[in-house]
Each structure stands twice: as C-alpha cells, then as structure tokens.
Protein chains: 2
Amino acid sequence: MMELTRKSDYAIRGIVYLAGKPVDKVYLLSDIAAAVDVPPTFLAKIFQQFSKMGLVKSFRGTGGGFMLGRLPETITLLEVVEAVEGPIIPNRCVATPSDCDRSGICTVHPVWIRVQEEVRRVLAGVTLKDLATKE
Amino acid sequence: MMELTRKSDYAIRGIVYLAGKPVDKVYLLSDIAAAVDVPPTFLAKIFQQFSKMGLVKSFRGTGGGFMLGRLPETITLLEVVEAVEGPIIPNRCVATPSDCDRSGICTVHPVWIRVQEEVRRVLAGVTLKDLATKE
DNA sequence: CCTAATAAGATATAAATTGTCTTTTTAGGG
DNA sequence: CCCTAAAAAGACAATTTATATCTTATTAGG
C-alpha cells in the first residue's frame, strides 16, 4: 500500500528541477531528463500530461522546450502527484461508495476518508518553491 | 498512489468479521469467505499469513477453523494492513534513503516521512473492536 | 524548406496482482 | 486404525499495471 510509482517520482524530480531554475527560461527535455536521471522518453510522456494541465508550458520547434506553467509557490506537491496518478484514493470504496455496500454500512469507510484527507493535507502544504533547491 | 490492494481489503473484511463474532469460537474459512464475499482460496492464503503472525489462531482437522489471535481491542488496523502489505512506504527512499542521494540532499524526502507518519497514525488509532459490527 | 524540438499513438517488456490447483499435514471420530 | 474434515504449503496461471521505447506527426524558427 501507499507506494509511489516511478512515474510520479520521475515527475516530481522533473518539475522540481524546473522550479529551481529561472522560471522564464525554456529548458530542453533531454537536458532535464539527464539532470534528474530519468529516461527521456518517459519524462516526455509525463511532461505532455503536465502540459495539458497547465503545470508546464511547452514550446515546439527550434529553441523549444519546457518551462513551469505557473509560479513555483502556487504549485503544490498534491497537484503534481494527482496530475500524474489521478486522485488519491486509499480504497476503491472512497471513489465509488456503492462498492462499500456489503452489509449495509461499512465501518472501515470513514477511516479511508481520513487517510485520504491527511495525505492530501500534507501534500497540499508543500509547494514547488519549498522543494526547489537553488544552486 | 495510495491504493489499497484487493488482498488488504479482503484481509480486513475477513478479520473484522471475526472480530464481530464471539471470540472464543472457531469459524470455518469457507464460511468466513462466503460471509464477506471473498474467494476462499485467496482468503486462505491471507489467513495463513495472519496465523504466522499471531493475528489469528488456526485449528486443523475436523472441527477446525480460525479465531482471533488476540482481543479485538488490541489489534489495530495498522497491524492488519502491515501484516498483509508490509510496512507503509510512500516512496522507496523512505525505506532505503541511499536511493535519495541524487544531488546530495533530497528536499522531498521529509515530506514522504510525514505522509508515512500521518497514515500510520490514523490506522493505528483504529482497532478491530471499533470496526466490528455486532449483529 | 530544412532542422530542431515536442505531441501523439502504437507497441513491448517486466513485474505485481489476483487468483487457482495439487499435495501435504494435522486432528477428530468411529 | 482408518476415514474424513479441515488448514498449510507450494507450484502454477491469468490478468492487470508499471515501465518504458519506437515511430510518425506536428509545430516553429531560421
């Protein structure tokens, strides 16, 4: 339970790297991937998702690359994780409570809700600015 | 991220069922599995694990079956989940910090520690007695 | 129009999940 | 003693998810 996927880990590395750089410049995917030690083709997929959601902006063609879509202090770790993995759901019954309807009431359900809340609270309390390491 | 496996869900159903019954009696695996709607062979594997860890006691042969290994108020949900899935590890770097040693210090690491602590805290605060629904 | 770069989609491989099946061991009862 | 009822243990199988890679298309600049 609870294990982050590689994809999310890679995603965080990549976007935190951007957050630690001057935000108005464009960075090559290949350079980012090399800097954070992630397979470039995999990071490309991740950043494509991010781009659709506005977390990063992409520019094609010569001189293209990626930059952060918003200021680092306005992007939370929760947003990043959920952008990659979808909503944080400790158990399927949290997403679709009808799954829980064995025997009328499920006593465990409220516990998963609390787990979800606590995890979201922690992740929502950290921004990319907090995570970015300026060099 | 964070999704409980079926195995854990089944495990919880099974052991909570036991916790809701008179604790000094023995229950057939096949009956438990039918009552909580879990494949019997799968639940068997889970209860074998539980048995090794003392969460349940097993009895073989005629008249055999399973009962809780300890009183319901002394078994936490955390124990049950970790008995099935192993320790709660939001990211591999929490288990093996050496993984985290890209670029000296990893700023995200402490966040995963906090996530781990919060999840454990919630789950440790709930016992099987709390979850058991007496009929 | 040529080149540099991302976008999109198809495909491939490996690992984990979710089981099942068979054989063995243990225990009780006639 | 057998015979039967039950769990224990281990091997095996199917499905799904994770982890990529490859190819082709699109976009932009010079």
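Computed from a predicted model, the values in this text were never measured in an experiment. Throughout, protein chains are lettered first and strands after them, A, B, ... in sequence-line order, and every chain is numbered starting at 1.
- Nearest to the side-chain atoms of B:Lys7 among the listed nucleotides C:dT18, C:dT20, D:dA20 stands C:dT18.
- Judged by closest nucleotide on DNA chain C, A:Thr62 is the one of B:Pro40 and A:Thr62 placed further toward the 5' end.
- Between A:Thr127 and A:Pro72 the shortest heavy-atom distance is CB-O, 3.7 Å.
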Compile the donor-acceptor pairs under 3.5 Å between side chains in residues 48-60 of chain A and protein atoms, sequence neighbours left out, one pair per line.
residue, atom, partner, partner atom, Å
A:Gln49, OE1, A:Lys7, NZ, 3.1
A:Gln49, NE2, A:Ala83, O, 3.2

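- Judged purely by atom type and a 3.5 angstrom limit, A:Arg13 uses its side chain to pair as donor or acceptor with the backbone of A:Asp37.
- Nearest to the side-chain atoms of B:Ser51 among the listed nucleotides D:dA20, C:dT18, D:dA8 stands D:dA8.
- Side-chain proximity of B:Pro39 to the nucleotides D:dT21, C:dA7, C:dT20 is greatest for C:dT20.
- Less than 4.0 Å separates DNA chain C from no heavy atom of any residue of residues 80-90 of chain B.
- Listed pair A:Tyr10 / D:dT19 fails the phosphate criterion, with no side-chain N or O lying under 4.0 Å from OP1 or OP2.
- Within the 3.5 Å criterion, the main-chain N or O of B:Leu28 finds no donor-acceptor partner in the side chain of B:Asp31.
- Considering only side-chain N and O atoms, B:Thr41 lies nowhere under 4.0 angstrom from the phosphate OP1 or OP2 of C:dC21.
- For B:Arg6, taking side-chain heavy atoms from C-beta onward, the closest of the listed nucleotides C:dT18, C:dT6, D:dC22 is C:dT18.
- Phosphate contact (OP1/OP2 of D:dA8, side-chain N/O of B:Arg60, threshold under 4.0 Å): absent.
- Across every non-hydrogen atom of A:Val80 and A:Ile12, the tightest pair is CG1-CG1, 4.1 Å.
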Could you list, one pair per line, each protein nitrogen or oxygen that sits under 3.5 Å from a nitrogen or oxygen of nucleotides 9-12 of chain C, together with the distance?
residue, atom, partner, partner atom, Å
C:dG9, N7, A:Lys45, NZ, 2.7
C:dG9, O6, A:Lys45, NZ, 2.8

